[in-house]
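None of these values were measured; they are calculated from a predicted model. Below, each value reflects all heavy atoms present in this structure, side chains not excepted, and no hydrogens, waters or symmetry copies. Numbers here are sequence positions counted from 1.
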Amino acid sequence: MVDVRLEGELLGFSYQDENSAFAVARFALEDGEELMVVGPLGTARPGQTLHLSGRWDKHKVHGQQFRVYSFLADDPRTLEGLTTYLSSGAVQGVGPELAARLVDRFGLSTLRVLAEQPERLQEVDGIGPARAAAIREAWQSDKEDRELHAMLRGHGLKPALTRRIVERYGSDALSVVMRDPYRMAREVPGVGFRTADAIARHNGIAHDAPVRAQAAVLHALDAAQDDGHCFLPQGELATRLEALDVPPHAWQVALRELLASRRLVSWETADPLVRPIQLAWLHQLERRVAERVQALAMLPARPSLLTVADAEAATGLSLNGDQHLAVKRSLEKGIVLITGGPGTGKTTIVKVLLAAARQQGQRWKLAAPTGRAARRLAEACGQEASTLHRLLDFEFLSMGFRRNATNPLEADGVIVDEASMVDLRLMAALLEAIPPGGRLVMVGDDHQLPAVGAGQVLGDLIRSGAVDVVRLQEIYRQAAGSGIIVNAHRIDAGTMPISAEREHRDWERELRERPGLRPKRPEPALDFFLVEREDPLELQAALLQAVTERLPRRGFDPMQDVQVLAPIHRGELGTVVLNRRLQASLNPQGRTLEAGKFVFRLGDRVIQTRNNYQTEVFNGEVGRVLQVEDGGLVVGFEGRQVSLSGEQLREVEPAYAITVHKSQGSEYPAVVIALHGSHRVMLRRNLLYTAVTRAESFCCIIGSRRAVRLAVSISGHQDRHTLLADLLRA
């Protein structure tokens, strides 16, 4: 759609969002016609002349309005507009009455007098030298603020982000932006290195300047955490710095200086390319986790007052040998890891362990990394469970946990489910809050994807050999008949999954080719299918048909029960495009709200993409859009209604299709997985295994057989650079 451009005067605001620049405003065109405009206008002042770029929109309640995408502001062009501008807060200390007297004395030259001849302000009755100086200082401050906004907007920064920078640095904002813009990348959420770098280049900072090289090194190590790494080998760090166009001589000097100042940690290795380079605080975090794990592992065995058989009798459950061992060790040892694939009875162990603890008068707490996992754990065990953040009592103002070494948890033991999702930072906080003599049991599947954050805690603990590990391998009889579970274990073993239709076709072919053999007909495990499609558009079509037609015929509600998973966000088979297609098919009508690259509609399923401690909605929580308002949404998250606006809207995305990583810790009645060669960079065995094990009753992979084979063939384990296992072995 072609942008429409309008020019006129900002008359005033009908609504302004406190958390962003979004506003609803009254606007007068040059011919005097008034209209409503909506958009990121919060930084403008009434009375200013604005050049708007946007489009016409018809609101079902407010009628015709103009939706603004961007604008440029000029000084007021009329005496009335100038008076409004001066009295709107543009100049501190100038109210309506004084603004009128200034304009009456200097007319349209008032702003020029303020900027170039401020001593003339004393020509106005009531303004002496002190007041004239104060008005001049306020005007100069506002001028710098306007220049800063204009500069940052020119570099593509959104008004809300510009506002955040000004709030962070106050009167020093312009100085920071001009002299050391890389500070913003370190200190202002939402400003990345490349944005700061573009501003630095504009300001004339050389590409090999020491400040740039140091910022690039720190940025590369920070960004590595997004890939799960706790450090980078020097060779990989060099590759990342080359991609940022940092000359070798510059980053090598920067590296030496950062090591000398102890902001980084390293040690010599035989091969300089594998020399680890680590942020000092991250190194201390790994060491602290290792020390606390070792302390738990060295706790003397706690004698059990009754046998595991007593707990089995109390619950009416029967354990196999590995499960019995897991409960026994958990009651005795300081730290125990229980790991196993789907259908191996991990939840059964937790139930019996809790029963045994109660019989011994012990208090054990249940927790999981996500809200959905915690709720599932609570339902399965009949005991309250919480997220780890709530267990540790996260405090928004300090961005820390109230439960710590000086205020430990009031419990004899803690059981953490879905332990593969626990990253290094969360593990450090949890260990700090375990009380003296308290026990820790971590239950998870180390063959799933590791945590989104830095580290691979569960895998490192297991590989270290320093912690008691019970690995469950026996599949329960009722689980053995599930095609989902059977194929999950096939994938985990590096073997191609078998589609239910293919299994029956193989049986029929064997009947034809070897009639005397009479092979046994396979059991009707019709809960796992592989639908082969090579062409991306054909794959899209098959996926839409599965979600909107085939699964509803099986009794699944596509809006409630079905979750589409994909490895990546971008591309024809990424979550962004799939969400648009699914939304158009499943929820085509209703009031909409545009926020960034997404369009939200009443009734949409959405997912929170980062922890928001203010609203207490956390990464991975799924909700439903209950209301669409001007500039905001009301979303229902598990019985709670949360209003989102401004920057908070950037934390939610449509959730008809989500990435496999975002699905961790959740289970869905039916899962449809898009898998294609275009996903090659993400195809790993643990990714496919994680996707398949999200399904409770039905799983369908739609995609390229070659992509499935590639995913199965690459293990995906130990892809991360971490030191925890080595520290535990030391």
Side-chain angles (χ1 to χ4, degrees), residues 10 13 16-23 39-45 48 50 53 68-73 88-92 137-205 207 209 211-220 222-223 225-226 244 396-399 595-597 609-615 631 644-651:
L10 180 64
F13 293 108
Q16 281 183 283
D17 189 281
E18 295 180 357
N19 300 311
S20 73
F22 179 84
L41 293 161
T43 56
R45 299 281 188 182
Q48 284 185 306
L50 302 185
S53 177
V68 179
Y69 295 149
S70 62
F71 73 92
L72 293 174
S88 68
V91 183
Q92 189 176 355
E137 184 177 341
W139 170 255
Q140 185 62 31
S141 174
D142 181 71
K143 178 174 179 290
E144 290 179 358
D145 186 56
R146 285 187 285 115
E147 288 175 355
L148 176 65
H149 276 272
M151 176 192 292
L152 296 177
R153 291 283 297 278
H155 285 286
L157 272 68
K158 302 295 184 184
L161 186 53
T162 302
R163 181 174 169 181
R164 199 182 303 154
I165 292 168
V166 174
E167 289 175 352
R168 172 67 178 81
Y169 298 113
S171 60
D172 295 329
L174 191 59
S175 174
V176 170
V177 171
M178 294 297 294
R179 296 179 184 178
D180 186 10
Y182 298 106
R183 273 187 64 185
M184 296 188 297
R186 299 191 301 270
E187 299 172 354
V188 181
V191 178
F193 173 82
R194 293 188 183 278
T195 300
D197 199 35
I199 296 171
R201 296 293 187 92
H202 178 79
N203 294 345
I205 296 176
H207 83 293
V211 66
R212 179 175 188 268
Q214 287 196 20
V217 171
L218 295 173
H219 164 74
D222 271 331
Q225 294 180 67
D226 295 336
L244 295 173
F396 172 68
L397 292 178
S398 66
M399 295 299 286
K597 59 185 175 183
T609 60
R610 66 186 71 169
N611 292 336
N612 188 317
Y613 302 106
Q614 193 168 17
T615 62
L644 304 176
S645 61
E647 288 293 290
Q648 293 172 338
L649 291 173
R650 298 183 179 278
E651 298 176 353

### Beyond-backbone contact of Tyr169 with Val177, side-chain heavy atoms, under 4.5 angstrom
no
### Task
Output yes when a side-chain donor or acceptor of Arg610 lies under 3.5 Å from a complementary backbone atom of Glu651, and no otherwise.
no
### Derivation and outcome, side chain to side chain contact (heavy atoms under 4.5 Å, CB included), residues Arg186 and Val191
CA-CA 8 Å; Arg186 299 191 301 270; Val191 178; over 6 Å; no
### Message
I need the minimum non-hydrogen distance between Arg650 and Thr609, along with the two atoms involved.
### Response
O-OG1, 4.1 Å
### Task
Answer yes or no: are there more than 12 heavy-atom neighbours, outside Arg201 itself, under 6.0 Å from its atom CZ?
yes
### Query
How many angstroms lie between atom CD1 of Ile205 and atom OH of Tyr182, to the nearest 0.5 angstrom?
5.5 Å
### Query
With a 4.5 Å heavy-atom cut-off, do Asp197 and Arg212 have their side chains touching?
yes
### Query
Between atom CZ of Phe193 and atom CE of Met184, what is the distance when rounded to the nearest 0.5 Å?
12.0 Å
#### Entry: Heavy atoms of other groups near Arg179 CZ, more than 12 under 6.0 Å
no
### Summary
Nearest heavy-atom contact between Ile199 and Pro181 is CG2-CB, 4.0 Å
